[in-house]
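Reminder, nothing fancy here: chain letters follow the sequence lines and each chain counts from 1.
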Amino acid sequence: MSLPQHVASPTKPDLPQRRALQGFGRTILGWGEGNLRDLPWRRTRDPWHILLAEVALQQTQAARVAERFVELTTAMATPTATVHLGKAGVISLWSGLGYNSRAVRLFQTAERLVESFDGEVPGTNAELQSLPGIGPYTAAAIEAFAFERDVAVYDTNVARVIARAVLGAPTSTKVGFELARSMVPKHSGWLFNQAMLDFGATLCTARSPSCERCPLRRRCAWRNSGDEQDPARTTAGTARPQGRFEGSARQGRGRMIERLRRSSATFEELRTATGWDDDAQVATQLNDLMTAGLLSKRGAKYFLG
DNA sequence: CAGTCGTGGCC
DNA sequence: TGGCCAAGACT
């Protein structure tokens, strides 16, 4: 006897069957075998180096992280070395990568690993997500790329590919993630997930997908639907509108941190770095940066960390 | 849940 | 030129 594999709900559009999902998965896997970019973190299985790369890759293009990978993994070779480097040292190294709070959390994670995990990156998803700066994406990436587990990695690239090729319709993170899980070919989690990320980053891109050379074009649900509207645009987990950066408080904070990477500085020197003329605004932003653990004040001077 | 968090490259 | 978006996480 056999139970029905899937019963379509009368109210919700039915999802692709497991068999179809595995077909998409195998095609992506095959594409990856000949098309993976040569990125430095793909040549190692060192969990700490992969953790480091994955944190740096959060909301940051792979190419920009690639050119810094050797520098980062040399200076922060192990969690212990990272702790010895100190928080200010880690923030200093983070120059140019953006989202400076990631440097603070990375340092805190190194501390936690030394204190509670014998200096090693833990193996379970729950333990990984308990670390500062490690969320659902990064935890899964470490599982797949360092420990070679057949889990699904779900990021903006994967969400886009699934919304377009698999569903041809916008979807939630919950559903998209579940579909991604069903696509992972057994024993090939490492390559499949790397391939999914590259597939989205280089072929099924956000602005101008290369449908002509896409191995999924026959099966692409978006293409077959004939819809003009890109289903990825309103799918959870894909890019959201961002405020103007030029002239923003964000830009001013970034300039203050960058100034402190050179040396400690006075309030006036930091104000100058922002290009602002409003002391109150400078004070407000300095307080926020202190709260975030990015800087501290001793006497009349401000310091990184 | 919706806002917020840097910085740079590309069209 | 200026808008868009990039291997997300946290509050």
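- Between Leu128(A) atom CG and dG8(C) atom C1' the separation is 15 Å, expressed in whole Å.
- Looking at heavy-atom distances under 4.0 Å, Arg42(A) makes contact with a base.
- At the heavy-atom level, Pro136(A) lies under 4.0 Å from the strands shown only through sugar-phosphate atoms.
- Put simply, CZ on Arg105(A) is 10 Å from C1' on dG8(C), counting in whole angstrom units.
- Across the protein-nucleic acid pair, Arg244(A) atom CZ and dC4(C) atom C1' stand 12 Å apart, rounded to whole Å.
- Side-chain contact of Ser264(A) with Arg298(A): a donor-acceptor pair under 3.5 Å is absent, judged by distance alone.
- Nucleotides dG3(B) and dA7(C), compared at atom P, are 24 Å apart to the nearest Å.
- With rounding to whole Å, Met196(A) atom CE is found 14 Å from dA7(C) atom P.
- One atom, CG of Asn125(A), and another, P of dA9(C), lie 11 Å apart when rounded to the nearest Å.
- Scanning residues 25-40 of chain A for heavy-atom distances under 4.0 Å to DNA chain B yields an empty list.
- Residue pairs meeting the side chain to side chain donor-acceptor pair (under 3.5 Å) criterion with at least one member in residues 74-87 of chain A, sequence neighbours excluded, do not occur.
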Would you mind building the protein contact string for nucleotides 5-11 of chain B? One character per nucleotide, 5' to 3', B for base within reach (heavy atoms under 4.0 Å), S for sugar-phosphate only, - for untouched. BBBBB--

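- Between the CG atom of Asp198(A) and the C1' atom of dA6(C) there is a distance of 14 Å, rounded to whole Å.
- Defined by atom type and a distance below 3.5 Å, a donor-acceptor pair is present between the side-chain atoms of Gln129(A) and Asn125(A).
- At the heavy-atom level, Ser208(A) lies nowhere under 4.0 Å from the strands shown.
- With C1' as the reference atom, dC5(B) and dA6(C) are 14 Å apart, rounded to whole Å.
- The side-chain hydrogen bond (donor to acceptor under 3.5 Å, both in side chains) test with Gln285(A) singles out one residue from Arg271(A), Arg255(A), Arg253(A), and that residue is Arg253(A).
- Side-chain N/O atoms of Arg261(A) and Asn100(A) include a donor and acceptor closer than 3.5 Å.
- One P atom belongs to dG6(B), the other to dT11(C), and the distance between them is 14 Å to the nearest Å.
- Taken from CG in Asp277(A) to OG1 in Thr272(A), the straight-line distance is 11.0 Å, to the nearest 0.5 Å.
- The side chain to side chain donor-acceptor pair (under 3.5 Å) analysis of residues 214-226 of chain A, with sequence neighbours excluded, yields the pairs Thr27(A)-Arg219(A).
- Taking the side chain as every heavy atom from C-beta outward, Val55(A) and Leu51(A) approach each other to under 4.5 Å.
- Counting non-hydrogen atoms under 4.0 angstrom, Thr156(A) reaches the backbone sugars and phosphates but no base.
- Backbone-only contact: Ala239(A) has heavy atoms under 4.0 Å from sugar-phosphate atoms and none from a base.
- Whole-Å rounding puts the Phe192(A) CZ to dA7(C) P distance at 17 Å.
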Let me have the donor-acceptor pairs involving side chains of residues 180-191 of chain A, under 3.5 Å, with sequence neighbours excluded, atom names and distances please.
unit_1: Arg181(A); atom_1: NH1; unit_2: Glu178(A); atom_2: OE1; d: 2.8
unit_1: Ser182(A); atom_1: OG; unit_2: Glu178(A); atom_2: O; d: 3.4
unit_1: Trp190(A); atom_1: NE1; unit_2: Phe145(A); atom_2: O; d: 3.4

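- Nearest to the side-chain atoms of Asp155(A) among the listed nucleotides dA6(C), dG3(C), dA7(C) stands dA7(C).
- Mapped onto DNA chain C by nearest heavy atom, Leu131(A) and Trp41(A) fall at different nucleotides, with Trp41(A) at the one closer to the 5' end.
- If you measure from atom NE2 of His49(A) to atom C1' of dA7(C), you get 19 Å, rounded to the nearest angstrom.
- Through direct or indirect side-chain contacts shorter than 4.5 Å among Ile, Leu, Val, Met, Phe, Trp and Tyr, Tyr302(A) is connected to Ile91(A), Val104(A), Met256(A), Ile257(A), Leu260(A), Phe267(A), Leu270(A), Trp276(A), Val282(A), Leu286(A), Leu289(A), Met290(A), Leu294(A), Leu295(A), Leu304(A).
- Across all strands shown, Trp94(A) has no heavy atoms under 4.0 Å from either base or sugar-phosphate atoms.
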